[in-house]
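Here the structure comes first, spelled out in structure tokens, and everything after it is commentary.
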Amino acid sequence: MTDSKLLVVATGNPGKLLEIQAYLEGLDIELALKPEELEIEETGDTFLANACLKASQVAMATGEWAIADDSGLEVDALDGAPGIYSARYGKTDAARIERLLMELGNELNRQAQFVCAMAIASPDGSIALQAEGVCQGEILHAPRGSNGFGYDPIFYVPETQMTFAEMPPEVKHEISHRGQAFKALLPQLQILDFRF
């Protein structure tokens with residue numbers, strides 16, 4: 001019987017931990033939240049830079065392997081905004097959606113993409129693995145659906161004819177930017193040697 005490998009998730013959000021746990025099902029990996037007092041400033045200028053920064057700092061602070069992700073929404077007509085500032089675009093999900101819809105106005109080009117970058121760092125802070133996932137979609141004029149969080153109610157995926165907020169969890173799990181990032185990461189993660 002092998003000891004399960006510990007991976008500290010660079011978040012204080014238990015919801016995100018559960019989401020990551022679902023992607024790692026079947027792997028002998030135990031997840032833990034980062035220490036509450038450990039605050040990491042996201043100073044990177046890309047999603048990947050921020051994911052690497054968070055994974056690296058949490059790994060060094062805890063002396064354990066760490067996983068971090070950074071994700072957000074890029075809207076073509078807004079030159080990629082809100083981008084890395086997606087979470088800081090307003091104080092609440094409703095405020096962020098309202099601001100985005102107001103800035104888009106009656107713009108005809110509503111193309112957008114959700115991007116998720118993931119990084120895994122070893123206990124010395126060096127980045128062992130990284131991956132990015134993208135989900136293409138478009139921004140609706142009004143929110144639809146009650147699942148999910150953030151921009152999910154206005155992010156529409158044409159192939160499914162649903163917003164992220166209307167999708168059953170297993171569909172979102174499969175096609176979302178985070179799902180795509182994990183698809184790229186998992187084969188590498190399975191062969192990663194957690195010894196140090």
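Because the structure is a prediction, the values reported are computed rather than measured. FYI, the numbering just counts along the sequence from 1.
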Distance-only donor-acceptor hits, side chain of residues 33-42, under 3.5 Å, sequence neighbours excluded:
from	atom 1	to	atom 2	distance (Å)
Lys34	NZ	Leu38	O	2.5
Glu42	OE2	Lys54	NZ	3.1

For Ala184, does its backbone N or O pair with a side-chain atom of Gln188 as donor and acceptor, under 3.5 Å? yes
Non-hydrogen side-chain atoms of Leu6 and Glu64 separated by less than 4.5 Å: yes
Check this for me, if you would: do Lys5 and Asp28 make a salt bridge, where the nitrogen-to-carboxylate-oxygen distance has to be below 4.0 angstrom? no
Judged by atom type as modelled, is there a donor-acceptor pair below 3.5 Å linking the side chain of Asp152 to the main-chain atoms of Phe149? yes
Please check: side-chain N/O of Tyr23 versus main-chain N/O of His173, any donor-acceptor pairing under 3.5 Å? yes
Using only atom types and a distance under 3.5 Å, with no angle test, would you say the side chain of Arg144 pairs donor to acceptor with the backbone of Leu140? no
Ring centres under 6.0 angstrom apart (Phe164, Phe114): yes
For residues 103-112, the salt bridge (Lys or Arg N to Asp or Glu O under 4.0 Å) pairs (sequence neighbours left out) are Arg99-Glu103
Do side-chain atoms of Ser56 reach the backbone of Gly125 as a donor and acceptor pair under 3.5 angstrom? yes
Honestly curious: do Leu48 and Ile67 fall in one hydrophobic cluster under the side-chain, below-4.5 Å linking rule? no
Would you say the side-chain atoms of Asp70 pair up with the backbone N or O of Ala117, donor to acceptor, closer than 3.5 Å? no
Using side-chain heavy atoms (C-beta onward) and a distance below 4.5 Å, is Pro143 in contact with Ile97? yes
Any heavy-atom pair between the side chains of Met167 and Asn147 that's under 4.5 Å? no
For atom CD of Gln111, is the number of surrounding heavy atoms from other residues, nucleotides or ligands below 6.0 Å larger than 12? yes
Validation row: Glu19, Arg178 side chains within 4.5 angstrom (heavy atoms): yes
Should Leu73 and Tyr89 be counted in the same cluster of Ile, Leu, Val, Met, Phe, Trp and Tyr side chains packed under 4.5 Å apart? yes
Mind checking who shares a hydrophobic cluster with Ile191, ILVMFWY linked at side-chain heavy-atom distances under 4.5 Å? none
Does Gly150 offer a backbone N or O that forms a donor-acceptor pair with the side chain of Asp93 under 3.5 Å? yes
Roughly how far apart are Asn109 CG and Asp76 CG, rounded to 0.5 Å? 5.5 Å
Interatomic distance, Gln180 atom CD to Glu132 atom CD [nearest 0.5 angstrom]: 12.5 Å
